2 protein chains.
Amino acid sequence: MLDPLDDSYYMKKALQEAELAYEKNEVPIGAIIVVADRIIARAHNLTELLNDVTAHAEMQAITAAANFLGGKYLKECTLYVTLEPCQMCAGALYWSQIKKVVYGAVDERRGFTAMGTKLHPKTEIIGGVMEKECGELLSRFFIEKRNLN
Amino acid sequence: MLDPLDDSYYMKKALQEAELAYEKNEVPIGAIIVVADRIIARAHNLTELLNDVTAHAEMQAITAAANFLGGKYLKECTLYVTLEPCQMCAGALYWSQIKKVVYGAVDERRGFTAMGTKLHPKTEIIGGVMEKECGELLSRFFIEKRNLN
């Protein structure tokens, strides 16, 4: 039997967060954190609204999940994020010792893979889940931005 | 004539922040951000108190400085931090396009240099300012921790 709560199921939830960012005219990236089939944090990019380069979806989700759990390590958690994390977010994930990171679209320019950022050796990494849908939302945002300028 | 507001002057201010962290039983790291000879942000590591791996001194200082300036870029700012930034903090500094980063003690294991994290190409980097004093506070903290366990 197919698992209804597979990586695509949770990536859709992260994509819903990305759509909330899109509606706010933020670069549309969303993230959720899951532990034992339960979503404990939802966040989307708010760098413009908060005037803060650190307000990436992943950073907010890490803080919210740790707050929920009452501890700073996310050793049993999985992060779903619609775009491959950057150096900063991968660095935060490294400190959190998160169990698993699942991302959608690849960021060939500023993603942690291209930048050579290290995640924790215990962290499992899966890329390209719903890559097309996650990437399309980002493309739509940047095309609209360009047409406005 | 010697400039009274040189890098050592500001590193002493960052070290005062590190001492506040020490008093709270946090890993003693402090940071300040300066623009036009004015300190616009002061912060110290609060990862234990806030149960949050993202609560490094630099991250809080970046957020506070952007809040003060009303914009997310720190192109005219200098960060002083008592320990070499990690991947996460260097990644945040990259996004901020900060003008200059001055750090005290070198972190040979988890510093951004050893980890290969990229800062913004426009960012000037100076390491080893008051390295001895900054490092001694950290050593004192970890020796005391070890003796307690």
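Since the model is a prediction, treat every value here as computed from it, not as a measurement. Just so it is clear: chains get the letters A, B, ... in the order the sequence lines come, proteins before strands, and each one is counted from 1.
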Please list, one pair per line, the donor and acceptor atoms closer than 3.5 Å that link side chains of residues 85-96 of chain B to other protein atoms, with sequence neighbours excluded.
from	atom 1	to	atom 2	distance (Å)
B:Gln87	OE1	A:Lys118	N	2.8
B:Gln87	NE2	A:Lys118	O	2.9
B:Tyr94	OH	A:Arg110	NE	3.0
B:Ser96	OG	B:Leu93	O	2.8
B:Ser96	OG	B:Ile98	N	3.2

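- Counting heavy-atom neighbours within 6.0 Å of B:Lys12 NZ, excluding the residue itself, gives a total of 12 or less.
- Side-chain contact between A:Asp52 and B:Lys72 is absent, with no heavy-atom pair separated by less than 4.5 Å.
- By number of non-hydrogen pairs under 4.5 angstrom with chain A, the leading residue of B:Ala65, B:Ala66, B:Ala55, B:Gly71 is B:Gly71.
- No more than 12 heavy-atom neighbours from other residues, nucleotides or ligands sit within 6.0 angstrom of NZ on A:Lys99.
- Going from atom CG of A:Asn51 over to atom CZ of B:Phe68 covers 14.0 Å, rounded to the nearest 0.5 Å.
- Under a hydrophobic clustering in which Ile, Leu, Val, Met, Phe, Trp and Tyr are joined whenever their side-chain heavy atoms come within less than 4.5 Å, directly or via other members, B:Leu50 and A:Ile62 fall into different clusters.
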